Amino acid sequence: AAGIVEWNRRLLFQQKWFQQHYADQLYSTVELRDLQQKTGAAYLITDHLGPMEPPSVFEQGPFRVYDLQALRNAN
């Protein structure tokens with residue numbers, strides 16, 4: 001049960017974060033760096049989320065992968 005509660009907490013955090021940072025209809029490098037710092041996530045995989053300011057590191061069909069670790073050193 002603890003794993004399901006933690007999974008739900010993370011899901012709700014992500015949903016709230018994505019809604020709060022989409023006001024200008026773009027996820028900037030600064031905003032994604034903030035997400036990486038708050039979650040410790042190495043990568044972001046999405047199919048409908050965006051647009052994103054940093055380029056993806058991989059694309060296939062509707063899926064995009066973003067390297068959030070690389071944003072720590074981005075300007």
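For this chain, numbers begin at 1 and follow the sequence in order. None of the values given here were measured: they were computed from a predicted structure.
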Worksheet item: What pair of heavy atoms forms the shortest contact from Gln25 to Pro51, and how long is it?
Response: O-CD, 3.3 Å

Worksheet item: Is the shortest heavy-atom distance from the side chain of Arg64 to the side chain of Met52 under 4.5 Å?
Response: no

Practice prompt. Can you establish whether the number of heavy atoms outside Gln60 located under 6.0 Å from its atom CD is more than 12?
Written response: no

Worksheet item: How far apart are the closest heavy atoms of Pro54 and Ser28, and which atoms are they?
Response: CD-C, 4.4 Å

Worksheet item: Once you round to the nearest 0.5 Å, how far does OG of Ser56 lie from CD1 of Ile45?
Response: 12.0 Å

Worksheet item: Quick one: do Tyr43 and Phe58 end up in the same hydrophobic cluster if we chain Ile, Leu, Val, Met, Phe, Trp and Tyr together by side-chain heavy atoms under 4.5 Å apart?
Response: yes

Worksheet item: Can you hop from Phe13 to Leu32 via hydrophobic side chains spaced under 4.5 Å?
Response: yes

Practice prompt. Check the pair Tyr22, Tyr27 against ring pair (Phe, Tyr, Trp, His ring centres under 6.0 Å), reporting the backbone distance first and the verdict last.
Written response: CA-CA 6 Å; Tyr22 196 62; Tyr27 295 103; 5.2 Å; yes

Worksheet entry | Polar contact flag, side-chain donor to acceptor under 3.5 angstrom, Glu53-Thr29 | yes

Worksheet item: Ignoring hydrogens and geometry, is there a side-chain-to-backbone donor-acceptor pair from Arg10 to Trp7 under 3.5 Å?
Response: no

Worksheet item: When hydrophobic residues are tied together by side-chain contacts of less than 4.5 Å, even through go-betweens, does Leu26 share a cluster with Trp17?
Response: no

Worksheet, complete the sentence: Minimal heavy-atom distance between Gln69 and Gln36, with the atoms involved, is N-CG, 4.3 Å

Worksheet item: Given side chains that start at C-beta, do those of Leu35 and Phe18 come closer than 4.5 Å, heavy atoms only?
Response: yes

Practice prompt. Walk me through it: do His21 and Asp34 pass the test side chain to side chain contact (heavy atoms under 4.5 Å, CB included)?
Written response: CA-CA 10 Å; His21 291 86; Asp34 173 68; 4.0 Å; yes

Worksheet item: When rounded to the nearest 0.5 angstrom, what is the spacing between NZ in Lys38 and CD in Gln14?
Response: 13.0 Å

Item to complete: Take atom CG of Leu12 as the centre, draw a 6.0 Å sphere, and report whether it contains more than 12 heavy atoms from other residues, nucleotides or ligands.
Response: yes

Response to the item:
Minimal heavy-atom distance between Asp67 and Val57, with the atoms involved, is CB-CG1, 3.8 Å

